Amino acid sequence: MDTPSFSVSNTTPKRAPADRAAARPRAEASPTLAANRLAGPAIPSNTAAQRMLITAVAAHAGNSAAGQIVARCADCGDPGHTTTPPGSTPTSTGGLPDDAELAAGLRSQTGMDGLFLLARLEGLQGARVSHPQTYSLIRSRVSAREGPEAFAWALQNDHRILLLVRNAEALQDRASALMQDALERDQIVAYERIWDLAREKEFGYAKAFDGYRQAGPLSLEIFEFFLAGTVHEQALALEQAGQAAQEDADERVRLAAGRTAAGRTLVGRHIASKEMIAWFDTDLTLVDLLAPQDGFESYDVALASARVSDTTAAVTDVGDRWYVYRLSVQYSYADLWEHRVLEEGRSALITFGGLRPTLVTSDGYVLVPRGSRYFGGTQTRDPGRHLAADESLLEQRGETLGRTELLRLFRQMTLDLVLLNLSEAEGRLNVELRKLFPTGLLSPEAGGELQAQTSALRRHLLAASEMASQEGPDDDVGVGGRLAETLIAIGRISQESPTAVLMVRDTRDADETGAAQPDEIVDSLAGKRSGDAGLEAARELRERLENVRKIRRHLHRDPDAVFAFKAMHDQVLPRFTSAQQQTLRVGMMFRDLAEIASAVGIAAGEMTLLVAGLATGGTTALVAMGLGAVSGAAVTAEGFADAQRLAAMTELDVSDDFALATPEQAASARNWALIGLGLSVLDLAGFMRGARQLGRVRRLLRAPELHATLGGAQRDMRSIARGLGMNERALVRDLETLRGPARDALLLRVRQAAGTMPGGGRASQAGRRLHNFLGMADDAVETLRRELLNRDDAGTVLRSLREAGVAADLAAVRRIKAYLFDSPGIMFEKDNYKAWMRLARFERAVPSVDDVRMAVHEMAELNLLQRVQGFDMLGRGYDQMTRSQRASWRAKFNYEYFRAHQKALEAEYDFLADQVRRITNGRVSEPRHVVAAVDPTREEARLYMLMDGKPLIDHRDFYAWASRTREVVEVGRGARDRLWLPSKGDVRLGELIQAVKDMRLR
């Protein structure tokens, strides 16, 4: 096979044109070679490539005369300019090593096929005459890989291939000279364009064989077509293309400069004021032009850019462009209103002068002028337009956005999606209200119809609860089974009368499982007169409309709250590139849903439904978010869409021979869609808690072949998934998408897990969150935790900490242990457990500096958390709390934990920096932010430790600090011995920090 390192074709990565200054002095000796040393795009000249080639072959062959071979090649002529007719006996091999020498070098390199030598050997025909041993090696290796037929084709067409190779090489030399000229004139765009086109014109014997592999003998005609014309003509075309690209770029720069100048004419303008009661009004002026300073073509995209600018901004037009300006005073959403009753309406801002721009607060809220005052509400009235603008901004400027800007845009897109869902939920609630008030007055008939639906729904829910809780195999699964028919009925009622789902409630406790009793599922409309039933339903709908408004206002006040809606993230993230998604996942600050719901004043479950657009259930609502048990959003939508398509096909006026679908097929598709909808209603309304049988039905409906496996199993789908090292949703997704052997292998693993493998990962009886210790069962992990807590090892840990110079006392060590391993707020982590066991010198283990670092971090964190007044950060009594009390405790803990965690990172790296100074006797003394930036194993510090008020990775000097990882530092012999570093040679800063962390205490 070819070796990329020494191929004549260019594979060198492109270097930034900024490097050209350093390379330019070399151009005096050889312009072509100088161009090759520049930004990489230039194709290496054949002489340089041949030197590298022979050096590599000789060195690998152990040839002591390698220097002589290279010297003999130094005077080789350029094959691109040879006049020897291809295929004839060459009069000179241009100083190449003789056949035996070259063959010996090639023979020692079994990975090389030798095709890269053919241009210097006058092609296959020339090699066969001048270097028969080398030719024989090339023939055998190429034939083994490509086949004898391909080699025979190349030998037969050697004359044509060699001509193409020579022309391509000569063109690359011309291209290198053109790129060098472009660099000398600072025409970077021309340089890049010539490089791009030159790469397309590369050709060699390896490429010829690649073409034959793909297109057969026709490939040569294709190559000749694309490489047609003389070298001069092709070089002239490259030069013209480069100049055209440069002229276009120069024109864009000139145009951008003119547009920027036009935008700056408004800087300093007074455009609005904020009314102040009993005080002077505050003037707002345009103080700066924000990027991109040449403006936008679209108002919507300019407005989206202003919303992610993290500053109070104005958007206005100058000519045919829209510009974004920073304002002189910073306002958030909460600063705009004279009274809360005016929120989303009339603001305290008034217009001034003839310029009436759109204003945006620092947290992204939009205000538009109307008359003499600014008003809000545009995001509520038209959230879809704002979401589309966000997507356009991502498409146009996504590659230029930094990490912080990406996070703000992601937050903004998620907020706009939530606002869109709230708007749709609001619309569906109003539709249901209009059903009760068709003429503006309450309709008793509508109330009576709703009562009939709620009565039937309650009856079906009780039946489904009883059937779903039964033990034994699911023998009745299928459209014709009793449970399936009941689910169809529930789905049909939900689709036709979504309000009915709101009026039937499960009164059981949250942790109660099993079949519901008749008095536990209550029909709120039963026994009422039809008019009263209608009024009761209307009150329920209006309450939810008010909840929509509460959520919307809270999100405007606290847009970071959208980080709590993780289900929304799955819909927004795919709009970003994979690299951007990784950046977002690392930098995302998750919020607690219970905390947000508590602040709004509604139940967390209802908030989840409303932000997903599920105001009352129903087909359209379920499509908004993947909460359905059997199908999720996409499958529910597809189910009804397929049913509608099949129904339409049955109505086409065609003969039976050409019918696209039968009525039976359409009915079956709709039934399966209704089954999915029925299961979703059961899940969303909370009617089916702890129903083993129903859980099996859900999965069987998605993967019927699992019926035989799960029918008699003692484990549910969740524990099977965890036994396989994945979550339930991922397992079901794989069962849906995998095909062939991969699916069969997964089913085999599922069967094995269902019969033998233990489950893991569930919460323990104490309510603690357990980490899955390499597949250990919950009980085993809990036993491990209890054993650790019962072990009296605080004294030993304290001695380890003091040995490392950490000031601590016995009480502090015991608090750390309780915090790490007996607090409901902290995961029982394997790494923390192992570090503690080493600090306790369990079974003569020796702790490392990194283990002490962990303890220092936790000690600092806990000290900060304990300063929070009126709150027990250790969560004592957590097990006796009610569900809402636990949610409230966890929300408070998460909020305070994040702030303490940031400060604890500073203490952690202060400790590491001190250890580096101490071990090197002060020879290496770096501040904590440099140590954190260089530390290769602790990404968390880069993301969350603050420097000058911002995350370390966002600091303007971060990359300068991080680049010091390769910096050579002075480390004495004694320190090298302690750190197990080499006694000689350079030690780099990154290596030193890692060695310090790994160093064992004595």
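Keep in mind that this is a model prediction, so the values were computed, not measured.
Checked by atom type and distance alone, the side chain of Ser347 pairs as donor or acceptor with a backbone atom of Tyr374 at under 3.5 Å. Arg356 places a side-chain N or O within 3.5 Å of a backbone atom of Gly371 that can act as its donor or acceptor partner.
Under the salt bridge (charged side-chain N to carboxylate O under 4.0 Å, His left out) test applied with Arg411, the options Asp363, Asp558, Asp560 reduce to a single match, Asp560. Tested against Arg552, the residues Glu426, Glu344, Gln379 include a single side-chain hydrogen bond (donor to acceptor under 3.5 Å, both in side chains) partner, Glu426. Test Glu399, Gln412, Gln580 against Leu394 for side chain to side chain contact (heavy atoms under 4.5 Å, CB included) and you get one pass: Gln580.
The neighbour count for Glu546 CD, taken as heavy atoms of other residues, nucleotides or ligands under 6.0 Å away, is above 12.
Residues passing the side-chain contact (heavy atoms from CB on, under 4.5 Å) test with Ser298 are Asp300, Val301, sequence neighbours excluded. A search for ring-ring contact (aromatic ring centres under 6.0 Å, His included) contacts involving His556 returns Tyr333, Tyr365, not counting sequence neighbours. Shown here are the side-chain contact (heavy atoms from CB on, under 4.5 Å) partners of Ile350, two or more places apart in sequence or in another chain: Ser273, Glu275, Asp281, Arg373. In this structure, the salt bridge (Lys or Arg N to Asp or Glu O under 4.0 Å) partners of Asp910, at least two apart in sequence or on a different chain, are Arg928. In terms of the ring-ring contact (aromatic ring centres under 6.0 Å, His included) criterion, Phe958 has no residue partners (sequence neighbours excluded). Listed by chain and residue number, Gln187, Ala190, Tyr191 satisfy the side-chain contact (heavy atoms from CB on, under 4.5 Å) test with Ala182 (two or more places apart in sequence, or in another chain).
There is a side-chain donor-acceptor pair under 3.5 Å between Ser328 and Thr285. Side-chain contact annotation: Glu432 with Thr499, donor-acceptor N/O pair under 3.5 Å present. With 3.5 Å as the limit, one finds no donor-acceptor pair spanning the side chains of Arg185 and Gln246.
The aromatic ring centroids of Trp322 and Phe296 lie 6.0 Å or more from each other.
Note that Arg346 lies outside the cation-pi zone of Phe375, set by a 6.0 Å cut-off to the ring centre and a 45° limit from the axis.
Salt bridge status for Glu343 with Arg557: present, with a side-chain N to carboxylate O gap under 4.0 Å. At a threshold of 4.0 Å, the pair Arg307-Asp416 counts as salt-bridged, since one of the basic side-chain nitrogens sits closer than that to a carboxylate oxygen.
Between Phe563 and Phe410, the ring-plane angle classifies as parallel under the 30° and 60° cut-offs.
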